[in-house]
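These notes are about the structure you will find just below.
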Protein chains: 2
Amino acid sequence: MFSNSTKYAIKAVLYLAVHSSEEQKIMIKDIAEPINVPKHYIAKILQALSKKDIISSTKGPKGGFYLTSDQLQTKVMQIIEAVDGEERFNSCLLSLEKCNSDNPCSLHHLVFDEKNKINERLKMTTLKDLRQHIMRGESILPL
Amino acid sequence: MFSNSTKYAIKAVLYLAVHSSEEQKIMIKDIAEPINVPKHYIAKILQALSKKDIISSTKGPKGGFYLTSDQLQTKVMQIIEAVDGEERFNSCLLSLEKCNSDNPCSLHHLVFDEKNKINERLKMTTLKDLRQHIMRGESILPL
DNA sequence: TCTTAAATATGATTTTTATCATATTTTACT
DNA sequence: AGTAAAATATGATAAAAATCATATTTAAGA
(Lines give C-alpha, C1' and ligand atoms only; values in the text may rest on other atoms or scores of the structure.)
Protein backbone atom coordinates (compact mmCIF):
# COMPACT_ATOMS: atom_id res chain seq x y z
CA MET A 1 0.00 0.00 0.00
CA PHE A 2 2.81 2.41 0.89
CA SER A 3 6.39 2.41 -0.31
CA ASN A 4 9.10 1.62 2.20
CA SER A 5 10.09 5.25 2.14
CA THR A 6 6.64 6.33 3.24
CA LYS A 7 6.44 3.67 5.92
CA TYR A 8 9.81 4.75 7.26
CA ALA A 9 8.84 8.41 7.11
CA ILE A 10 5.68 7.81 9.12
CA LYS A 11 7.51 5.76 11.70
CA ALA A 12 10.21 8.39 12.10
CA VAL A 13 7.84 11.32 12.31
CA LEU A 14 5.71 9.50 14.83
CA TYR A 15 8.80 8.84 16.86
CA LEU A 16 9.56 12.56 16.78
CA ALA A 17 5.98 13.39 17.66
CA VAL A 18 6.28 11.35 20.83
CA HIS A 19 9.86 11.99 21.84
CA SER A 20 10.97 15.35 20.50
CA SER A 21 10.28 19.03 21.04
CA GLU A 22 12.08 22.28 20.35
CA GLU A 23 14.04 21.68 23.55
CA GLN A 24 14.52 17.99 22.88
CA LYS A 25 16.11 17.40 19.49
CA ILE A 26 16.98 13.91 18.35
CA MET A 27 19.90 12.75 16.24
CA ILE A 28 19.45 10.52 13.23
CA LYS A 29 21.13 7.57 14.84
CA ASP A 30 18.82 7.83 17.83
CA ILE A 31 15.80 7.77 15.57
CA ALA A 32 16.94 5.07 13.16
CA GLU A 33 17.64 2.48 15.78
CA PRO A 34 14.38 2.39 17.75
CA ILE A 35 12.22 2.44 14.62
CA ASN A 36 14.36 -0.23 13.03
CA VAL A 37 15.21 1.52 9.78
CA PRO A 38 18.61 1.82 8.01
CA LYS A 39 20.32 4.95 9.28
CA HIS A 40 21.46 6.35 5.95
CA TYR A 41 18.13 5.73 4.37
CA ILE A 42 16.10 7.46 7.03
CA ALA A 43 18.61 10.31 7.03
CA LYS A 44 17.83 11.02 3.41
CA ILE A 45 14.12 10.91 4.05
CA LEU A 46 14.28 13.17 7.09
CA GLN A 47 16.38 15.66 5.19
CA ALA A 48 13.74 15.83 2.49
CA LEU A 49 10.94 16.21 5.04
CA SER A 50 12.91 18.96 6.72
CA LYS A 51 13.27 20.79 3.43
CA LYS A 52 9.51 20.58 2.98
CA ASP A 53 9.07 21.95 6.46
CA ILE A 54 7.21 18.90 7.73
CA ILE A 55 9.83 18.46 10.39
CA SER A 56 12.50 20.79 11.79
CA SER A 57 16.21 20.37 12.23
CA THR A 58 19.30 22.15 13.41
CA LYS A 59 22.86 21.35 12.52
CA GLY A 60 25.85 21.19 14.73
CA PRO A 61 26.40 20.06 18.30
CA LYS A 62 23.19 19.77 20.27
CA GLY A 63 21.40 19.68 16.94
CA GLY A 64 18.99 17.12 15.62
CA PHE A 65 15.44 16.71 14.39
CA TYR A 66 12.26 17.76 16.14
CA LEU A 67 8.70 18.89 15.61
CA THR A 68 7.32 22.30 16.42
CA SER A 69 3.81 22.51 17.82
CA ASP A 70 2.66 23.70 14.39
CA GLN A 71 4.19 20.61 12.83
CA LEU A 72 2.27 18.40 15.22
CA GLN A 73 -0.80 19.53 13.28
CA THR A 74 0.50 17.84 10.11
CA LYS A 75 -1.94 15.33 8.66
CA VAL A 76 -0.79 11.78 7.95
CA MET A 77 -1.74 12.24 4.32
CA GLN A 78 0.65 15.15 3.99
CA ILE A 79 3.51 12.89 4.91
CA ILE A 80 2.44 10.28 2.40
CA GLU A 81 2.17 12.86 -0.33
CA ALA A 82 5.46 14.51 0.59
CA VAL A 83 7.30 11.23 0.20
CA ASP A 84 5.51 9.30 -2.54
CA GLY A 85 3.81 12.14 -4.39
CA GLU A 86 0.13 12.84 -4.74
CA GLU A 87 -0.59 10.38 -7.51
CA ARG A 88 0.52 7.14 -5.97
CA PHE A 89 -2.12 6.93 -3.32
CA ASN A 90 -5.06 8.42 -5.14
CA SER A 91 -4.94 6.57 -8.41
CA CYS A 92 -7.40 3.95 -9.66
CA LEU A 93 -6.77 0.36 -8.55
CA LEU A 94 -5.98 -0.62 -12.12
CA SER A 95 -4.26 2.71 -12.88
CA LEU A 96 -6.78 3.68 -15.50
CA GLU A 97 -6.61 7.35 -16.37
CA LYS A 98 -10.29 7.99 -16.64
CA CYS A 99 -11.75 5.72 -14.03
CA ASN A 100 -14.35 7.48 -11.91
CA SER A 101 -17.78 6.84 -10.56
CA ASP A 102 -19.43 7.67 -13.88
CA ASN A 103 -17.06 5.44 -15.78
CA PRO A 104 -15.90 2.90 -13.23
CA CYS A 105 -13.35 0.20 -13.81
CA SER A 106 -14.30 -3.31 -12.84
CA LEU A 107 -12.90 -3.04 -9.35
CA HIS A 108 -14.06 0.50 -8.67
CA HIS A 109 -17.25 -0.27 -6.81
CA LEU A 110 -15.56 -3.01 -4.78
CA VAL A 111 -13.39 -0.48 -3.01
CA PHE A 112 -14.65 3.01 -3.63
CA ASP A 113 -16.52 3.74 -0.40
CA GLU A 114 -13.91 2.16 1.81
CA LYS A 115 -11.01 3.79 0.02
CA ASN A 116 -12.72 7.11 0.42
CA LYS A 117 -13.26 6.59 4.06
CA ILE A 118 -9.62 5.68 4.59
CA ASN A 119 -8.61 8.72 2.59
CA GLU A 120 -10.71 11.01 4.69
CA ARG A 121 -9.21 9.66 7.86
CA LEU A 122 -5.67 10.07 6.59
CA LYS A 123 -6.46 13.63 5.60
CA MET A 124 -8.04 14.40 8.93
CA THR A 125 -5.79 12.65 11.42
CA THR A 126 -2.88 14.70 12.75
CA LEU A 127 0.34 13.62 14.34
CA LYS A 128 -0.94 15.11 17.54
CA ASP A 129 -3.96 12.79 17.37
CA LEU A 130 -1.74 9.77 16.86
CA ARG A 131 0.58 10.85 19.64
CA GLN A 132 -2.36 11.06 21.97
CA HIS A 133 -3.46 7.53 21.05
CA ILE A 134 0.01 6.26 21.74
CA MET A 135 0.28 8.04 25.06
CA ARG A 136 -3.08 6.69 26.13
CA GLY A 137 -1.88 3.19 25.26
CA GLU A 138 -4.45 2.79 22.49
CA SER A 139 -1.78 2.05 19.92
CA ILE A 140 1.92 1.34 19.90
CA LEU A 141 4.92 3.15 18.57
CA PRO A 142 6.34 1.05 15.77
CA LEU A 143 9.70 -0.61 15.88
CA MET B 1 -1.93 -0.80 -3.78
CA PHE B 2 -1.19 -3.52 -6.34
CA SER B 3 2.00 -4.12 -8.28
CA ASN B 4 1.94 -3.53 -12.01
CA SER B 5 2.08 -7.27 -12.49
CA THR B 6 -1.11 -7.75 -10.54
CA LYS B 7 -2.89 -4.90 -12.30
CA TYR B 8 -1.91 -6.35 -15.65
CA ALA B 9 -2.96 -9.83 -14.59
CA ILE B 10 -6.40 -8.65 -13.54
CA LYS B 11 -6.87 -6.69 -16.74
CA ALA B 12 -5.87 -9.64 -18.87
CA VAL B 13 -7.95 -12.18 -17.05
CA LEU B 14 -10.96 -9.89 -17.16
CA TYR B 15 -10.43 -9.53 -20.87
CA LEU B 16 -10.44 -13.30 -21.18
CA ALA B 17 -13.52 -13.55 -18.98
CA VAL B 18 -15.41 -11.35 -21.38
CA HIS B 19 -13.98 -12.42 -24.74
CA SER B 20 -12.77 -15.98 -24.51
CA SER B 21 -14.15 -19.47 -24.14
CA GLU B 22 -12.97 -22.99 -24.87
CA GLU B 23 -14.03 -22.42 -28.47
CA GLN B 24 -12.67 -18.90 -28.61
CA LYS B 25 -9.04 -18.80 -27.65
CA ILE B 26 -7.10 -15.55 -27.75
CA MET B 27 -3.47 -14.99 -28.62
CA ILE B 28 -1.14 -12.92 -26.46
CA LYS B 29 -0.87 -10.15 -28.95
CA ASP B 30 -4.63 -9.86 -29.16
CA ILE B 31 -4.83 -9.54 -25.39
CA ALA B 32 -1.88 -7.23 -24.87
CA GLU B 33 -3.03 -4.57 -27.25
CA PRO B 34 -6.58 -3.88 -26.07
CA ILE B 35 -5.61 -3.86 -22.41
CA ASN B 36 -2.64 -1.64 -23.15
CA VAL B 37 0.10 -3.72 -21.57
CA PRO B 38 3.55 -4.63 -22.96
CA LYS B 39 3.26 -7.86 -24.89
CA HIS B 40 6.27 -9.68 -23.53
CA TYR B 41 5.46 -8.70 -20.00
CA ILE B 42 1.88 -9.90 -20.09
CA ALA B 43 3.05 -13.07 -21.83
CA LYS B 44 5.18 -13.96 -18.85
CA ILE B 45 2.36 -13.26 -16.45
CA LEU B 46 -0.17 -15.29 -18.41
CA GLN B 47 2.21 -18.22 -18.62
CA ALA B 48 2.55 -18.18 -14.85
CA LEU B 49 -1.21 -17.98 -14.39
CA SER B 50 -1.64 -20.84 -16.80
CA LYS B 51 0.81 -22.93 -14.82
CA LYS B 52 -1.21 -22.23 -11.68
CA ASP B 53 -4.33 -23.25 -13.53
CA ILE B 54 -6.03 -19.91 -13.14
CA ILE B 55 -6.29 -19.64 -16.89
CA SER B 56 -6.01 -22.23 -19.68
CA SER B 57 -3.90 -22.31 -22.81
CA THR B 58 -3.09 -24.41 -25.81
CA LYS B 59 -0.02 -24.19 -27.97
CA GLY B 60 0.27 -24.26 -31.69
CA PRO B 61 -1.92 -22.94 -34.48
CA LYS B 62 -5.41 -22.09 -33.35
CA GLY B 63 -4.04 -21.98 -29.86
CA GLY B 64 -4.22 -19.22 -27.29
CA PHE B 65 -5.48 -18.41 -23.84
CA TYR B 66 -8.98 -18.87 -22.51
CA LEU B 67 -11.03 -19.51 -19.41
CA THR B 68 -13.05 -22.61 -18.67
CA SER B 69 -16.34 -22.22 -16.89
CA ASP B 70 -14.66 -23.50 -13.74
CA GLN B 71 -12.06 -20.80 -14.06
CA LEU B 72 -14.75 -18.15 -14.27
CA GLN B 73 -15.40 -18.97 -10.62
CA THR B 74 -11.94 -17.73 -9.65
CA LYS B 75 -12.01 -15.00 -7.02
CA VAL B 76 -10.22 -11.74 -7.63
CA MET B 77 -8.12 -12.30 -4.53
CA GLN B 78 -6.81 -15.56 -5.95
CA ILE B 79 -5.34 -13.66 -8.86
CA ILE B 80 -3.73 -11.10 -6.58
CA GLU B 81 -2.22 -13.83 -4.45
CA ALA B 82 -1.08 -15.85 -7.43
CA VAL B 83 0.89 -12.91 -8.77
CA ASP B 84 2.11 -10.96 -5.75
CA GLY B 85 2.02 -13.62 -3.09
CA GLU B 86 -0.18 -13.80 -0.01
CA GLU B 87 1.87 -11.46 2.14
CA ARG B 88 1.88 -8.31 0.12
CA PHE B 89 -1.77 -7.54 0.39
CA ASN B 90 -2.43 -8.66 3.92
CA SER B 91 0.43 -7.07 5.79
CA CYS B 92 0.26 -4.21 8.26
CA LEU B 93 0.35 -0.70 6.81
CA LEU B 94 3.70 -0.08 8.45
CA SER B 95 4.89 -3.66 7.88
CA LEU B 96 5.15 -4.41 11.58
CA GLU B 97 5.37 -8.10 12.26
CA LYS B 98 3.18 -8.21 15.27
CA CYS B 99 0.58 -5.58 14.53
CA ASN B 100 -2.92 -6.78 15.26
CA SER B 101 -6.04 -5.59 16.95
CA ASP B 102 -4.67 -6.36 20.41
CA ASN B 103 -1.40 -4.65 19.68
CA PRO B 104 -2.25 -2.15 16.97
CA CYS B 105 0.21 0.11 15.19
CA SER B 106 -0.63 3.76 15.04
CA LEU B 107 -2.43 3.51 11.73
CA HIS B 108 -4.19 0.24 12.44
CA HIS B 109 -7.52 1.57 13.59
CA LEU B 110 -7.60 4.15 10.80
CA VAL B 111 -7.95 1.45 8.19
CA PHE B 112 -8.80 -1.84 9.80
CA ASP B 113 -12.54 -2.07 9.21
CA GLU B 114 -12.35 -0.76 5.69
CA LYS B 115 -9.42 -2.91 4.74
CA ASN B 116 -11.30 -5.91 6.02
CA LYS B 117 -14.35 -5.06 4.03
CA ILE B 118 -12.31 -4.67 0.87
CA ASN B 119 -10.62 -7.97 1.60
CA GLU B 120 -13.89 -9.76 1.99
CA ARG B 121 -15.15 -8.40 -1.29
CA LEU B 122 -12.02 -9.42 -3.14
CA LYS B 123 -12.29 -12.88 -1.67
CA MET B 124 -15.95 -13.17 -2.58
CA THR B 125 -16.15 -11.60 -6.02
CA THR B 126 -15.61 -13.94 -8.98
CA LEU B 127 -14.61 -13.21 -12.53
CA LYS B 128 -18.08 -14.26 -13.53
CA ASP B 129 -19.51 -11.57 -11.29
CA LEU B 130 -17.28 -8.94 -12.81
CA ARG B 131 -18.08 -10.13 -16.32
CA GLN B 132 -21.75 -9.73 -15.58
CA HIS B 133 -21.22 -6.18 -14.37
CA ILE B 134 -19.35 -5.37 -17.52
CA MET B 135 -21.97 -6.90 -19.78
CA ARG B 136 -24.70 -5.00 -17.99
CA GLY B 137 -22.77 -1.80 -18.55
CA GLU B 138 -22.24 -1.25 -14.84
CA SER B 139 -18.49 -1.07 -15.25
CA ILE B 140 -16.02 -0.92 -18.08
CA LEU B 141 -13.36 -3.23 -19.39
CA PRO B 142 -10.02 -1.57 -18.77
CA LEU B 143 -7.69 -0.40 -21.47
C1' DT C 1 5.71 -35.67 -42.52
C1' DC C 2 6.64 -30.83 -43.15
C1' DT C 3 5.62 -26.18 -42.28
C1' DT C 4 3.75 -22.82 -39.59
C1' DA C 5 1.59 -20.74 -35.64
C1' DA C 6 1.06 -20.59 -31.27
C1' DA C 7 2.56 -20.94 -26.06
C1' DT C 8 6.71 -21.95 -22.97
C1' DA C 9 11.16 -21.50 -20.85
C1' DT C 10 14.87 -18.90 -20.02
C1' DG C 11 17.43 -15.18 -19.42
C1' DA C 12 19.14 -10.34 -20.64
C1' DT C 13 18.36 -5.44 -20.12
C1' DT C 14 16.39 -1.35 -18.18
C1' DT C 15 14.24 1.29 -14.67
C1' DT C 16 12.95 2.16 -10.14
C1' DT C 17 13.47 1.67 -5.35
C1' DA C 18 16.20 0.87 -1.54
C1' DT C 19 20.56 1.18 0.68
C1' DC C 20 25.26 2.72 1.64
C1' DA C 21 29.13 6.12 1.82
C1' DT C 22 31.38 10.47 2.16
C1' DA C 23 32.71 15.24 1.59
C1' DT C 24 30.63 19.78 2.91
C1' DT C 25 28.27 23.07 5.77
C1' DT C 26 26.62 24.87 10.00
C1' DT C 27 26.67 25.65 14.92
C1' DA C 28 27.88 25.11 19.90
C1' DC C 29 31.41 25.22 22.96
C1' DT C 30 36.20 25.99 24.51
C1' DA D 1 39.57 31.44 16.43
C1' DG D 2 39.58 26.49 16.57
C1' DT D 3 37.51 22.00 17.23
C1' DA D 4 34.02 18.77 17.24
C1' DA D 5 29.28 17.39 16.47
C1' DA D 6 25.55 17.54 14.06
C1' DA D 7 22.61 17.89 9.53
C1' DT D 8 23.06 18.45 4.31
C1' DA D 9 24.25 17.49 -0.41
C1' DT D 10 25.66 14.43 -3.53
C1' DG D 11 26.41 10.44 -5.55
C1' DA D 12 27.66 5.31 -5.64
C1' DT D 13 26.02 0.61 -5.13
C1' DA D 14 22.65 -3.14 -4.55
C1' DA D 15 18.23 -5.24 -5.01
C1' DA D 16 13.84 -5.61 -6.89
C1' DA D 17 10.45 -4.78 -10.34
C1' DA D 18 9.40 -4.07 -14.95
C1' DT D 19 10.40 -4.79 -19.69
C1' DC D 20 12.44 -6.89 -23.77
C1' DA D 21 14.29 -10.76 -26.59
C1' DT D 22 14.83 -15.34 -28.28
C1' DA D 23 15.42 -20.29 -28.66
C1' DT D 24 12.38 -24.37 -27.68
C1' DT D 25 8.24 -27.07 -27.60
C1' DT D 26 3.69 -28.33 -29.09
C1' DA D 27 -0.11 -28.86 -32.17
C1' DA D 28 -2.84 -27.97 -36.53
C1' DG D 29 -3.26 -28.37 -41.19
C1' DA D 30 -1.44 -28.99 -45.96
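For clarity, every value in this text was computed on a predicted model and none was experimentally measured. In what follows, every chain begins at residue 1, and chains take the letters A, B, ... in the order their sequences are listed.
The separation between Ile45(B) atom CD1 and dA17(D) atom P is 13 Å, rounded to whole Å. Rounded to whole Å, the distance from CD1 on Ile28(B) to P on dA5(C) is 16 Å. Atom CG in Leu49(B) sits about 13 Å away from atom P in dA9(C), given to the nearest Å. dC20(D) atom C1' lies 14 Å from atom CD1 of Ile42(B), rounded to whole Å. As rounded to whole Å, 9 Å separates atom P of dT8(D) from atom CG of Leu46(A). Atom NZ in Lys52(B) sits roughly 15 Å away from atom P in dT8(C) (whole-Å rounding). In this structure, Asn36(A) places its CG atom 15 Å from C1' of dT19(C), rounding to the nearest Å. The distance between atom NZ of Lys51(A) and atom P of dT8(D), rounded to the nearest whole Å, is 10 Å.
Applying the ring pair (Phe, Tyr, Trp, His ring centres under 6.0 Å) test to Tyr8(B) and every residue at least two apart in sequence or in another chain returns Tyr41(B). With sequence neighbours left out, His19(B) forms a ring pair (Phe, Tyr, Trp, His ring centres under 6.0 Å) with Tyr15(B). Gln78(A) is linked by a side chain to side chain contact (heavy atoms under 4.5 Å, CB included) to Thr74(A), Lys75(A), counting only residues two or more places apart in sequence or in another chain. For the ring pair (Phe, Tyr, Trp, His ring centres under 6.0 Å) test, no residue two or more places apart in sequence or in another chain qualifies with Tyr66(B). Remark: Ser69(B) pairs with no residue by the side chain to side chain contact (heavy atoms under 4.5 Å, CB included) rule, at least two apart or across chains. With sequence neighbours left out, the side chain to side chain contact (heavy atoms under 4.5 Å, CB included) criterion links Lys128(B) to Leu72(B), Gln73(B), Thr126(B), Arg131(B). For Lys29(B), the side chain to side chain contact (heavy atoms under 4.5 Å, CB included) partners at least two apart in sequence or on another chain are Met27(B), Lys39(B).
Checking dA18(C), dT8(C), dT8(D) against the side-chain heavy atoms of Gln47(B) singles out dT8(C) as nearest.
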Reading nucleotides 20-30 of chain C from 5' to 3' and marking B where a protein heavy atom lies under 4.0 Å of the base, S where only the sugar-phosphate is that close, and - otherwise, the string is BBB--BBBBS-
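Interface residues of residues 5-27 of chain B facing DNA chain D, ordered by number: Ser5(B), Tyr8(B); criterion, heavy-atom separation under 4.0 Å.
Within the structure, a side-chain polar atom (N or O) of Ser57(B) is placed less than 4.0 Å from OP1 or OP2 of dT8(C).
Here Ser95(A) contributes atom OG and Arg88(A) contributes atom CZ; the two are 10.5 Å apart, rounded to the nearest 0.5 Å.
Between Arg121(B) and Glu114(A), at least one side-chain N (NZ, or NE/NH1/NH2) sits under 4.0 Å from a carboxylate O, which counts as a salt bridge.
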